[in-house]
Structure formats: C-alpha cells, structure tokens
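These notes concern the structure reproduced below.
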Amino acid sequence: MESLSHILNHLGEEREKYFNAVSPPVIQSSNFVFPDLDTFRASFEDELHSHTYTRGNNPTVEILRKKLAALEGTEDALVFSSGAAAIAAAVIGNVQAGDHVICQELPYSWTFSLLRKFLSRFGVEHTFVDCSEVANIEAAIRPNTRVLYLESPNTMTYECQDLSACAELARAHGLVTIIDNSYSSPIYQNPAAFGIDIVLHSGTKYLNGHSDVVVGVLCGSKEMVQKIFQSELMTLGAVLSPHDAALVIRGLRTLPLRVQRSNESAQVLIEKLEQHPKVSRIWYPFHPNFPQQELAKNQMRGCGGLFSVQFETDSMEKMEAFVHRLRCFTMAVSWGGHESLIIPTIGFYNIPGRPTPPTPWNFVRFYIGLEDPAWLWEDLEQAMEAL
Ligand SMILES: *Cc1c(COP(=O)(O)O)cnc(C)c1O
C-alpha cells in the first residue's frame, strides 16, 4: 500500500492544473466542453475516467475516488450519494432474477431490507446465515448462489467473519464477496488484502467524519468497478455532488487521527465501565470477553469507537432516566463524527408498527467521538446514578 500520508495529502491532486491551490477546487459543473471531435469520441470511450458529464465523473469527485481506492488497496473506487446506494449497487450489480445471496445474520438494517423486501420482488433469493462458522456458509450455498455478503464487525453486536476463509470458500464456488467495512474504516482493516472482491463504506461515518455529509463508497477491481459504473451507477444515478466530495476529501485529511482518537477513548471508557457495578456486559471486538476477540485481532489493526453495554437495572423507568441524565453524549443515529452518541434500545420499544428489537431494553450502543474521555466519563458516571 502507498504511504498513508501520501494518499491523504497528495494522491490524485494535480495542483498545477488549478493555480497550485493546496485545497482542490469544487468543480461545480454538470458538463464539460469537448474542444474537438477527437476529444468527444475519446470521452465516450471511457466515461468513468474522462470528463464528460458529472453523473459519470467529475474532477473533484475523481480526486476522492483515487484516494479511497488507494486507502483500500484496490484498483478503482466509486462514490455514491449514500452508503445505502453503494450497498444496493454492489449487490444488484452481481445478481439477476433467480439468483441467491448469502448474507451474514445481522447486517445493517437497510441491507437487510434490500434483500428481504426489495430484491425479493425481483426474484432474487437470500439466506441470512450465522457466518461466524465458515461451515454454516458452505452448507447454505446452492447451485444459484452468486454473492456472499459480509459485515465484519457489524455495528450493534460486532459479529465478525473470517475474511480469508470466506474469500477462499467463495472463490471455490464462484461467488462474489462483498463486505461492509464501515466499522473498521480503511485505517484498521483492508478486506481486499484478504481476497474480498468489493469493499463498501458508509462514508457518512468515519471517512467524512464531521456529521455533515451522507456518502457511500465502493472499492474493487477495475473490471468490477467498470461493470457497476456502467450499469447501477449510471442507470440509478445516485451520485455524490462535487461539493460533498470536497467535504469528504477534507475529512480524509484527518482520518487516521480521528479513528485513533475514537479507538483510544473508547478503550479508556470501557476500562472504567467494566469496573462499574451497574454494567453487566460489554460488547467490543477487542474486549477479552468477546467470543471472537482472536479473529478480530487477526484481521483488524485496531478496533474503533463503537461498543455496546448492557446495564444492570431492574426497571425501564430507571433506564429511561439514565438516558435523559446524559449531558455530554447526545442521542442520535449514525456515528463516526466528532461527537459522542448513544442509541438506547429502549427507544425502539413501543413504536407502533415496529417489531421488538433483537437487543434487550437495557442495552445501549455507544459511539465515542473526539471529546476528552475524562469529560465523557464524568457524564456517564453521574448518569449511571439513575440506574
Ligand atoms: C450508516 C451505515 C450504512 C448506511 O450508510 P448511509 O450513508 O447512511 O446510507 C451502512 N452500513 C453501516 C455499517 C452503517 O453504519
């Protein structure tokens, strides 16, 4: 892999083309002039890499794509207007009616929905499998299986899959492997190095990192990226705007610092939490009680800022009081920004039309941002008095 510093500070940037500006310009243009017919013809030969129309490619977006491909160690990358769009493009691009997808048991909620509600309407079958054992995946493979979809770790309970074993099994059966790598970010895990074909990110999380852009990323071989570009990206058109691309490039400049800080602060808080009498269980891939700790440490260079806690309390009222007492943590979906967040499972109880969640009511998913961990701990400690 190229040096991280080179990728984040220079790769893809052709400053001499824009007045030697350090920061790339936002090329806010929908279309590009062909000075002559030779340029016209050459542009249409390769719309993914030429400058023809911004639905296909845009110079600001292209800088971002180059950096992302290099960060994941793949030949090329695409960006989308959301992580969900990247996920949909990756799966749809590799199936047709009558095909079958194997997906790890507890994927991101809209991935679940894509398979269960959306693709089933078009005759694409799926099986959700506990992929912690490769034998379970092998047993689920059918003659029409085309895709193995992974998310390791996922972002609530952090189940992991053995990436090289999954890639090997998939290759033997001609399956395309896809992984949602949002939890680790490219800083801590590079699935392509283990043989995974497509690496996805919700760039809304760590990659942008400032809670102000929704963006999706798809990294893969030239051939795979070209195929998905020509079909799903150009047809469905869920593209990232040049302005948002510039914001994500800015976010990437500090990616390693932010991910490391989030990871270290999470570990500081976990160490304190596990000694607290009101904590009954902690979920975190690098925690000694995590059943797949060894696997996680084998394939991830570091962990991250997401963990979950089950609290010791006998009443839902006390749980609600704990949530409302927190001052420094805010209650919001998403994660990966500067700000520390909680998602309490109890918030999903008693929503009309929504099934009871798989995690218990005394379970809270924490994201640790960039604040001082001592300040966050003080807040947690006073809020836990409500339990
Ligand atoms: C947020 C998230 C997504 C969806 O990404 P959007 O950018 O919100 O569309 C997918 N996977 C994981 C793991 C996520 O956390």
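Indexing begins at 1, ligand by ligand and atom by atom, following the structure's order.
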**OP:** Under the ring pair (Phe, Tyr, Trp, His ring centres under 6.0 Å) rule, what do Y284 and Y158 come out as? Steps first, then yes or no, please.
**Re:** CA-CA 7 Å; Y284 189 62; Y158 320 109; 7.3 Å; no

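- The nearest heavy-atom contact from the protein to atom 6 (P) of ligand 1 is G83 N, 3.3 Å.
- With salt bridges taken as basic N to acidic carboxylate O contacts below 4.0 Å, one links R253 and E13.
- No salt bridge links E381 with K272; every basic N to acidic carboxylate O contact stays at or beyond 4.0 Å.
- Checking only distances, V214 never comes within under 3.5 Å of ligand 1, N or O to N or O.
- Note on ligand 1: E151 sits in its first shell, one or more heavy atoms being nearer than 4.0 Å.
- One finds a salt bridge joining K17 and E14 here, because a Lys/Arg side-chain nitrogen approaches an Asp/Glu carboxylate oxygen to under 4.0 Å.
- Among all protein heavy atoms, the one lying closest to atom 9 (O) of ligand 1 is A84 N, 2.8 Å.
- Considering both main-chain and side-chain atoms, T155 never comes within under 3.5 Å of ligand 1 through any nitrogen or oxygen pair.
- K205 NZ, 2.4 Å is the protein heavy atom nearest to atom 2 (C) of ligand 1.
- Close approach of ligand 1 to V215 (heavy-atom distance below 4.0 Å) involves ligand atoms 7 (O).
- Checked against the 6.0 Å centroid threshold, H126 and F128 count as a close aromatic pair.
- Using a 4.0 Å cut-off between charged side-chain N and carboxylate O, E232 and K227 make no salt bridge.
- Between I87 and ligand 1, not a single N/O pair is under 3.5 Å apart.
- Counting only non-hydrogen atoms, the option in W110, Y367, Y108, F80 that gets closest to atom 8 (O) of ligand 1 is Y108.
- Considering every non-hydrogen atom in both V333 and I343, the closest pair reads CA-CD1, 3.5 Å.
- Across S184 and P153, no two heavy atoms sit closer than the pair OG-CD, 3.7 Å.
- Protein heavy atom in closest approach to atom 7 (O) of ligand 1: T204 OG1, 2.6 Å.
- Closest non-hydrogen pair, R365 versus S308, comes out as CG-OG, 3.5 Å.
- Scanning the protein for heavy atoms near atom 13 (C) of ligand 1, the closest one is D180 OD2, 3.4 Å.
- Considering backbone and side-chain N/O atoms, W335 comes within less than 3.5 Å of an N/O atom of ligand 1.
- For atom 5 (O) of ligand 1, the choice among S82, A238, S202 with the nearest heavy atom turns out to be S202.
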